[in-house]
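One structure is given here, and the rest of the page talks about it.
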Amino acid sequence: MAMEKTFNAAEAEGRLYEAWEAAKCFAAGANAKPGGVPFSVVIPPPNVTGSLHMGHAFNNTLQDILIRWHRMRGDDVLWQPGTDHAGIATQMVTEREMMLNQEPSRLTMGREAFVERVWAQKHKSRGTIIGQLKRLGASCDWDREAFTMDGGFHDAVLKTFVDFYERGLIYRGKRLVNWDPQFETAISDLEVENIEVQGHMWHFKYPLAGGETYTFVERDAEGHVIREEERDYISIATTRPETMLGDGAVAVHPDDERYAPIVGKLCEIPVGPKDKRRLIPIITDAYPDPAFGSGAVKITGAHDFNDYAVANRNGIPLYILLAANGTMREDGLSYADSADIALAVANGEMTAAEVDVNAVNLVPDAYRGLDRFEARKAIVADITDEGLAVMMPDEEGNLLPFVEQKPIMQPFGDRSKVVIEPMLTDQWFVDTAQIVQPAIDAVRTGETRILPEQDQKVYFHWLENIEPWTISRQLWWGHRIPVWYGFDLRLQEFVDDEGDGTLDPTEMLRFLTADNLVRGTDRHHAAMNFEGVIPQFADVIAGLPTPLNRATVVEVEDRHAAAHAMARSLAQYEIDQDPTKLIYPVWQDTDVLDTWFSSGLWPLGTLGWPEETEALKQYFPTSVLITGFDIIFFWVARMMMMQFAMVGQRPFDTVYVHALVRDEKGKKMSKSVGNVLDPLDLIDEYGADAVRFTLAAMAAMGRDLRLSKDRITGYRNFGTKLWNAARFAEMNEATPRMVGATAGPPPATAPVNRWILGETGRVREEVDAALEAFRFNDAANAAYAFTWHMVCDWYVEFAKPLLQGDDAALKAETQSVMAWVIDQCLILLHPVMPFITEELWGLLGAREKMLVHADWPTYAAADLADAEAQAEMSWVIGLIEEVRSARAQMHVAAGLYVPMVHTGLDADASRAWDRNATLIKRLARIESFEQVDALPKGAVTIPVRGGTIGLPIADIIDVAAERARLEKTQGKLQKEIDGLRGRLNNPKFAESAPPEIVEEAQENLAARESEAAKIADALARLAEVA
RNA sequence: GGGUGGUUAGCUCAGUUGGUAGAGCGCUUCGUUUACACCGAAGAUGUCGGGGGUUCGAGUCCCUCACCACCCACCA
């Protein structure tokens, strides 16, 4: 059965992958030697609805290389696969599809139905990315495939949340958070992308209350007055005029003398009904920079992170202006009532704490319900109309409203791409500062190693400045926060108005008020919940079905949410007049957890924690995490913190951080730019091995890689080269099938065979060393160079005369050696190119095990190397190269056999010739080799070690060309000689340089000088001809 | 504003403790020698971003400048 000329990847890959799976080759511990050390890797879980992109292909190729390598070495290997539920992204994808299908909207169908709908989406698309990973060749243990919302994983999430809660690591509070008006949810700092956009900065006058005036004096650095004028206003600047409605104060720096006269006075916000303009105080705070703008800053505590801090420091109320969807609020009190309250605060009649910021709505009727950007336009127009924009003269002296065009950094949601608003909302937070230290220490001490090392700096910088982590999301898809709300039944007295000995619904409702609301986590209700509960309730509650009986008692909840939830609860459950059968209304927090809260538990959760599973014992901590630099903060840092916080152990020994795959021009691949290379298309076109090899070969640590099809083509060709080397071996019966498998390297006597065995030992060491050091490119390139340039270019060529010759023993030896060497190529290349190597492995021999489980070699270069054979073959190769070079430059016809002569060879050279004459003659196209007294005139000179060799072919070459060739060589040599002499003649060199360096230089110089002498002789001979 | 990385052959990039620069692709010439034209042989191309310093010796270490890329950040 003759082999095809090329490997048919499209046909073979699926078949081979199925064979691996059928034989359970990827199962945890498969191929482990007795006592094999654990080697475990958790896959960075792709989004369950996602599809494979180049980053995944890269990331998983690297993982698969390590996994296959360790598995072949007999380690106890686990590659844990799985997918992530990816809260926002998945909800977004599902809703988009629902819209396309004209299905009812999320809000129409309700939470339960929607969540079910997303599960359906999940089941539908789950196969996609897993199938794509398989096409890449990823050898994960698919039987262990996990999902961040599986039951077991959910337990891990619950346990962690509750533990954190009880340890005071999680808290709920009303804070200013990043709010995404598109998805109407809070997001964490990391999900905000700050992008520079062209924006405007408007300058407006805030008139002083009661028409007061002051002398505004501005001085330059030397204290000279540069402007002095009477003003009845203070000038402020803003990039977001709509937030003026929520200003609580204007702040100036305490040392800013320009405004000293008016500190403590009130000024007017120049927007809103004329008869009800709000007044706000002018305060001092260290935050304003006197040198920037006017030096005065409007303080909108509820809609700006800086202002929030200033407001809190100074007791300024936080007035909420926006609704969840980014429109101006329509709820709450009327503008008139709200303005009265705000005025009372400004006048000191009320404190900020007394203001119900959810109720007070300072948006004038004219702006209520407007989109925030519409409101901005309207407000700017209104103020400008009123003449309260600060006017600036243009070139012609016309006064124009001062609107600066300037680039501003604007926050965008990384998913929604809409402008993020700081919003004052109730959210859950992890107090990360409390759990960060072990994550920092582990990397500092080297307990966990981050590669490349420069990424440690980024890691440290972020962790050392860590902010609280907002973990609640106002979404439906995700782990619902395991907190339940109910009413405090302990301290209340029932009032039996009717005195009839029963409680009717009215009486119950009076009791069940928001003021009476409590909450607690999913667990421990026995311990704390119902202690002190009125006796007749305790029994009822205990008898309730889960989860309704899981209320716990901890702290008072937000009254609006409570009232809302209560209403629903009461509507949902009938209230029985009989108090012993009264259904106690409890309800769960409506938020879900940030996706990263669950994926932060990925290493533990996938191994079965909190159960004490065997897998956990065996494979945790995991060995290596391979991930992209873009999720160091999102994921790696949080996994470090969370595993330490829960089990006190590092999740990984090593974190290998890889760079980004870009297009061939260095641009980030993006769908909108249209420069995305789809790995699946590439696999279709070139085969998975070529794609994998390309990625591995370009994976120099810490640097982005530019992917081009040319490169992939090259590695596809490499596969063909390997294929054809194997095919040659097969044609010459140099395969394990024909010669029998040898346990180790076969015995060899011929120098050429002994030499290639030594080279094989060397490359095995190189590949291993590279992989140990995560130098994937070095590993790939070493195996590539060996296979192509050592085995194919030389060894196969050397072997041809031996395989076709008469010496049966030599032929047999060469067949054995070639069979073994090609096997070694297959083994060493398998982690990078699993498919073609597995296919050849099967074609070339009847094997006990598939290549995926073949034993990785351990022979050392030193065991196999034969210095004599190596020296001899390097002489042979050098000679052949010199002859070929001379011939090519002399334009000797490529196929023409020519005579060769020498003037005497030393012992080594002589032996080298004798033992390799056949193959030298063949490869250099030499017809004869004889000793002569002197090289003939006009002979082409071939410099070699241990003699002078020449081609007496003056009659067929151009003497001038030969002279030119020699002179060129001479020039090069002279340069080198000059350099070496210069160094050696410098006394300081001999003094300071290590002896071996000096010695090397001397040897080099001697060799160059001897060569130069030969060239000089040759030139002299040519001169005689001419 | 802070930080990190990069600047090496026409292109894309390696270059691990300082010892005098490499690969792949492309290009030029030659070649259908029975593994392979997805091939083979030969060949050309670099003041290693600029400047300064340390050293016998610097692509490699230090300083500085320029440009590019990315990350972080609250300047209204």
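Just so we're clear, the structure is a prediction, and the values are computed from it rather than from any experiment.
Comparing B:G46 with B:G2, their P atoms are spaced 40 Å from each other, to the whole Å. The separation of B:C61 from B:C74, taken at their C1' atoms, amounts to 39 Å, rounded to a whole angstrom. On the C1' atoms, B:G19 is 10 Å away from B:A58, given to the nearest whole Å. Annotation: B:A73 and B:A14 have their C1' atoms spaced 35 Å apart (nearest Å). With C1' as the reference atom, B:C13 and B:G26 are 14 Å apart, rounded to whole Å. Separating the P atom of B:C63 from that of B:U54 is a span of 15 Å, rounded to the nearest Å. For the C1' atoms, the distance from B:U28 to B:C71 is 45 Å, rounded to whole Å. B:G22 and B:U45 are spaced 14 Å apart, taking the C1' atom of each and rounding to whole Å.
In the interface, the side chain of A:E797 is paired with the base of B:A35 through a donor and an acceptor atom under 3.5 Å apart. Looking at A:R983, its side chain has no donor and acceptor atom pair within 3.5 Å of the base of B:C56. Taking only distance into account, the side chain of A:R922 never meets the base of B:U33 through a donor-acceptor pair shorter than 3.5 Å. Between the base of B:C74 and the side chain of A:N306 there is a donor-acceptor pair shorter than 3.5 Å.
Of the candidates B:G43, B:C38, B:C71, the closest approach to any side-chain atom of A:F629 belongs to B:C71. Comparing atom distances between the A:T238 side chain and each of B:A76, B:C56, B:A35 picks out B:A76 as nearest. When distances are taken from the side chain of A:H461 to each of B:C72, B:A73, B:A37, the shortest belongs to B:C72. Of the candidates B:C56, B:C71, B:A35, the closest approach to any side-chain atom of A:N724 belongs to B:A35. Closest to the side chain of A:R884, out of B:A42, B:C38, B:U20, is B:A42. Listed nucleotides: B:A76, B:U34, B:C38. Nearest to the side chain of A:I408: B:A76. Considering only the side chain of A:N194, B:C74 comes nearest among B:C56, B:C71, B:C74. The side chain of A:E881 lies closest to B:A42 when the candidates are B:U4, B:G19, B:A42. The side chain of A:D289 lies closest to B:A76 when the candidates are B:A76, B:G5, B:A35.
Within the nucleic acid shown, A:F305 has no heavy atom closer than 4.0 Å to any nucleic acid atom. Residue A:V297 is classed as a base contact, given a heavy-atom separation below 4.0 Å to a base.
Here A:W788 does not reach the OP1 or OP2 of B:C38: none of its side-chain N or O atoms lies under 4.0 Å away. Contact between the side-chain N/O atoms of A:K988 and the OP1/OP2 oxygens of B:U55 is not found at any separation under 4.0 Å. Using a 4.0 Å cut-off, some side-chain N or O of A:K5 falls inside it from OP1 or OP2 of B:A37. Phosphate proximity of B:A44 to A:K968: present, with a side-chain N or O under 4.0 Å from OP1 or OP2. Distances shorter than 4.0 Å separate some side-chain N or O of A:S885 from OP1 or OP2 on B:G43. Using a 4.0 Å cut-off, some side-chain N or O of A:K721 falls inside it from OP1 or OP2 of B:G40. A sub-4.0 Å separation between OP1 or OP2 of B:C39 and a side-chain N or O of A:N717 is present. Regarding contacts with the backbone of B:C71, every side-chain N or O of A:K457 stays at 4.0 angstrom or more from both OP1 and OP2.
Between the CG atom of A:D307 and the C1' atom of B:A76 there is a distance of 7 Å, given to the nearest Å. Whole-Å rounding puts the A:I997 CD1 to B:G19 C1' distance at 5 Å. Atoms NZ (A:K975) and P (B:A21) sit 9 Å apart, rounded to a whole Å. In this structure, A:R887 atom CZ and B:G40 atom C1' are separated by 14 Å, rounded to whole Å. Remark: P of B:C75 and NE2 of A:H253 are 18 Å apart, rounded to the nearest angstrom. For A:F7 and B:C36, the CZ to C1' distance is 16 Å, given to the nearest whole Å. Separating the CD1 atom of A:I236 from the P atom of B:A76 is a distance of 13 Å, rounded to the nearest angstrom. Atom P of nucleotide B:U20 and atom CD of A:E1003 are separated by 14 Å, given to the nearest angstrom.
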What nitrogen or oxygen pairs link the protein and nucleotides 13-16 of chain B at under 3.5 Å?
unit_1	atom_1	unit_2	atom_2	d
B:C13	OP1	A:R706	NE	2.9
B:A14	OP1	A:R703	NE	3.3
B:A14	OP2	A:R703	NE	3.4
B:A14	OP2	A:R703	NH1	3.0
B:G15	OP1	A:R775	NH2	3.3

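Environment of CD in A:E4: sparse, with no more than 12 heavy atoms of neighbouring residues, nucleotides or ligands closer than 6.0 Å. The neighbour count for A:E11 CD, taken as heavy atoms of other residues, nucleotides or ligands under 6.0 Å away, is above 12.
Heavy-atom nearest nucleotides on RNA chain B were determined for A:K406 and for A:G895, and the one closer to the 5' end corresponds to A:G895. Between A:G714 and A:W794, the residue whose closest nucleotide on RNA chain B is further toward the 5' end is A:G714.
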Could you go through the side-chain hydrogen bond (donor to acceptor under 3.5 Å, both in side chains) check for A:K406 and A:T239 one step at a time? CA-CA 9 Å; A:K406 67 179 260 184; A:T239 54; over 6 Å; no
Do A:S885 and A:E882 pass the side-chain hydrogen bond (donor to acceptor under 3.5 Å, both in side chains) test, and can you show the C-alpha distance, the side-chain angles, and the key distance before you say yes or no? CA-CA 5 Å; A:S885 176; A:E882 287 293 346; 5.3 Å; no
Could you give me the CA-CA distance, side-chain angles and deciding distance for A:V657 and A:I450, then say whether side chain to side chain contact (heavy atoms under 4.5 Å, CB included) is met? CA-CA 7 Å; A:V657 180; A:I450 294 181; 4.1 Å; yes
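For the pair A:E464 and A:I440, the minimum side-chain heavy-atom distance is below 4.5 Å. Proximity of A:N178 to A:E191: side-chain heavy atoms (C-beta onward) are nowhere separated by under 4.5 Å. Here the side chains of A:T284 and A:Y259 are not in contact, with every heavy-atom distance at 4.5 Å or above. Residues A:K709 and A:L682 have side chains in contact (heavy-atom distance under 4.5 Å, counting atoms from C-beta outward).
With values rounded to the nearest 0.5 angstrom, A:R983 atom CZ is found 10.0 Å from A:L1005 atom CG.
Annotated stems with RNA chain B as a participant read B:1-7 with B:66-72, B:10-13 with B:22-25, B:27-31 with B:39-43, B:49-53 with B:61-65, given as range with range, by first number; only runs of 3 or more Watson-Crick or G-U pairs under 3.5 Å qualify.
Relative ring orientation between A:Y784 and A:F693 is described as tilted, the plane-to-plane angle lying within the 30° to 60° band.
In this structure, A:R240 contributes its side chain and A:H303 its backbone to a donor-acceptor pair below 3.5 Å.
In this structure, A:K800 forms a cation-pi arrangement with A:F728, its terminal cationic atom sitting closer than 6.0 Å to the ring centre and no more than 45° off the ring axis.
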